[in-house]
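This report refers to the structure that appears directly beneath it.
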Protein chains: 2
Amino acid sequence: MDKPDSPAHFSPLGRDGLVDRVANLLGEAIIRGKLKPGSRLSESVIARDLGVSRAPVREAARLLESSGLVDYQPNRGFFVRKISARELDDLYELRIVIEVSAALRVVREAPDAALETLDDQIGELRRVSSDEVDMLTQMEADMEFHRRMIAASGNPRFSAIFDQLAKETELCVMVIGRLYGDPQWIADTHVPILDALRARDETATRSAIEYHIGEARRLVTQQFRLLEE
Amino acid sequence: MDKPDSPAHFSPLGRDGLVDRVANLLGEAIIRGKLKPGSRLSESVIARDLGVSRAPVREAARLLESSGLVDYQPNRGFFVRKISARELDDLYELRIVIEVSAALRVVREAPDAALETLDDQIGELRRVSSDEVDMLTQMEADMEFHRRMIAASGNPRFSAIFDQLAKETELCVMVIGRLYGDPQWIADTHVPILDALRARDETATRSAIEYHIGEARRLVTQQFRLLEE
DNA sequence: CTGATGTCGACTGTCGACAATTTCTTGACA
DNA sequence: TGTCAAGAAATTGTCGACAGTCGACATCAG
C-alpha cells in the first residue's frame, strides 16, 4: 500500500481541489519550518509522497511562488524562499505603509461595530500569550488582529497585500525560532492601537502602529541578521 | 571593470521558455484590447492556435492571474478580468498610498542622479504626447515615469506592487478607449512632481502626487462607471 | 595538483490522452 | 409556450511518458 521508503512528511489525499490542498499542505509545511528555506521542492518526490501526479504539485508550487513562500528558478525547480535581512526590512517598511494607511481609513470611515471584532481579538491574543502555547498560534493571533483591522478599512486590496506580507513575515519569524518579544508585550502593544482607532485620533493611530510594527521590525531584523553569514 | 580579453562575447541568447512567451502574448492581447474583459480564455483554443500543448498555456494563464489580468474560476477556466468601478477606485487609492510613500523615500534618500532619469522620462512623455501617437504608447510612457520614481525609492517591494497595479490600470484605461486627460496635461502634471522631488520638499511631493493620481482617479473612474450596467 | 572537458543521473519542460466536470441541447410534459 | 430533466458536447483536471536541461562527478591534459 504505502511506500515505506518515503521520508514523507505528508499524508495521501483524496480527489477534489487537489491544487489548493497541495498548496495548503506545502504552505503549512514551510511556515511550520518542516521545509527549511533554501531546500528544494522536488515535484516528483512531493507528487509521489502525496500520491498525485506532478501537474497539481507544479501548479501548487506556482501558487506558493506568487504568495512569496517559494522561489522558482527556470529549469531548476522550486525552492523554499530564503528571505534576506534586507528584504525583510523592506517588507516591514511596506507593512507600516499599508497598515497605517488602512488604519487611517478605519479612523475616518469604519463603523464602531467593526472595532468590536478587534477588541475580541485582543482578548484572544491575551488568551494565547503564554509560553505554553505554540508559538505559531501566538503569531497567528497577532496577525489576525492586523488582518481584521485592515479588513475594516473596506479596501480588499490592502487585505490582499497584507496577507502576502503576513505569510512572509511568519516565515521569517519561524526561522528565527522564537517570538520577537515578550508574549505579553505583544498583546499589550495592540491596545493603544485600538484605543486610538476608537478615539478616531489619526495622529495617535499613526504613531501607535508605527511604534508597534517598528519595534517588531527592529527586533526581528536584528535577530535575523544574526542568522545570516 | 570589463574584461578586455573577451574578444567576442555573445548576447545572453533570449531563450525563455514557452510559458513566458505565451504569457507575454496573452498579456499583450489583453492590454491591447484584443481580448475583451469577461471573455473566455480557452486553453485548448489558445494551445491549438499557438501550436503548443495545453500545459504551458495553463501555466501562462496562472501567471497572468497572479498579475491581475486574468480571473480563474475552478472547473470553469480562465477569463479576462473584468474590473469593477469599485475595484478600480480601490486600486487608485492603493496607488496613491504606494507612490506617496515611495516618493517620500526618494525625497529623503535618493541621490540626485536618480532624478535625472525622471527628467529624461518627462522628455519622452512630451515626445509622445500627441494625438497621432498610439494611446498605449502614451500610457506606457506615463507609467514608466512612475515606475522609475518608485524604483528610485530603493525598495523593490514598492516596485513589485506598482507593476501589478499599473497593469490593471492600463487594462481599465484601454477599456475606456481613450486617455483620461489631455495628452499635454498628462506630461505637464508630472513636472511639479519632479520639481518637488528635486527640492526635497516632502509636503510639495505629497500634494503633487496626490493631485496627479487623484485627478486620474477621478477621470478614469468616472468614465468607467459609464460603461457599467 | 589544477583546471578544462566529457559523461552520467536527476530533474524540469512539454506533450498527448483520459477522467471528471460543466455547459449546451433537446425534447417530453404540464 | 414555458419548465425541467436527461443526454450530448465541450472544457477543465489529472495523469504518465518522453525529451531537454542542469549540476555533480569522473577523466584527462598541462
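In what follows, chains are A, B, ... by sequence order, proteins preceding strands, each numbered from 1.
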For [N], does OP1 or OP2 lie under 4.0 Å from any side-chain N or O of [X]?
X     : N      : result
A:Y72 : C:dC11 : no
B:R58 : D:dG13 : yes
A:S44 : C:dA10 : no

Candidate nucleotides [options], ranked by approach to the side chain of [X] - the nearest:
X     : options                : result
A:R40 : C:dC11, C:dT22, D:dC15 : C:dC11
B:R76 : C:dT12, C:dT14, C:dT23 : C:dT23
B:S53 : C:dG16, D:dT14, D:dT11 : C:dG16
A:L18 : C:dG13, C:dT21, D:dT14 : D:dT14
B:S42 : D:dT11, C:dA17, C:dC11 : D:dT11

Output yes when B:K167 and B:E170 qualify as a salt bridge under the 4.0 Å nitrogen-oxygen rule, no when they do not.
->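 Salt bridge: no.
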
Inspect the contact between B:R148 and B:E124 and indicate whether a charged nitrogen and a carboxylate oxygen are less than 4.0 angstrom apart.
->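 Judged by the 4.0 Å cut-off on N to carboxylate O distance, B:E124 and B:R148 do not form a salt bridge.
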
Using modelled atom types only, decide if a donor and an acceptor are shared between the side chain of A:Q138 and the backbone of A:V133 within a distance under 3.5 Å.
->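 Yes, A:Q138 side chain to A:V133 backbone: donor-acceptor pair under 3.5 Å.
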
May I ask you to decide if A:D90's main-chain N or O and B:N155's side chain share a donor-acceptor pair within less than 3.5 Å?
->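 Answer holds: yes.
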
What do the steps show when you test B:E93 against A:R157 for salt bridge (Lys or Arg N to Asp or Glu O under 4.0 Å), and what is the final call?
-> CA-CA 9 Å; B:E93 181 180 16; A:R157 252 187 138 116; over 6 Å; no

Check the distance between [N]'s [atom2] and [X]'s [atom1] and give it to me in whole angstrom.
X     : N      : atom1 : atom2 : answer
A:L41 : C:dA10 : CG    : C1'   : 16 Å
A:D20 : D:dT14 : CG    : C1'   : 14 Å
B:F78 : D:dT11 : CZ    : C1'   : 12 Å
B:E43 : C:dT21 : CD    : P     : 16 Å
B:N75 : C:dT21 : CG    : P     : 7 Å
A:L50 : D:dC15 : CG    : P     : 10 Å
B:R54 : D:dA10 : CZ    : P     : 15 Å

Of B:G77 and A:A55, the one whose closest DNA chain D nucleotide lies more 5' =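 That would be B:G77.
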
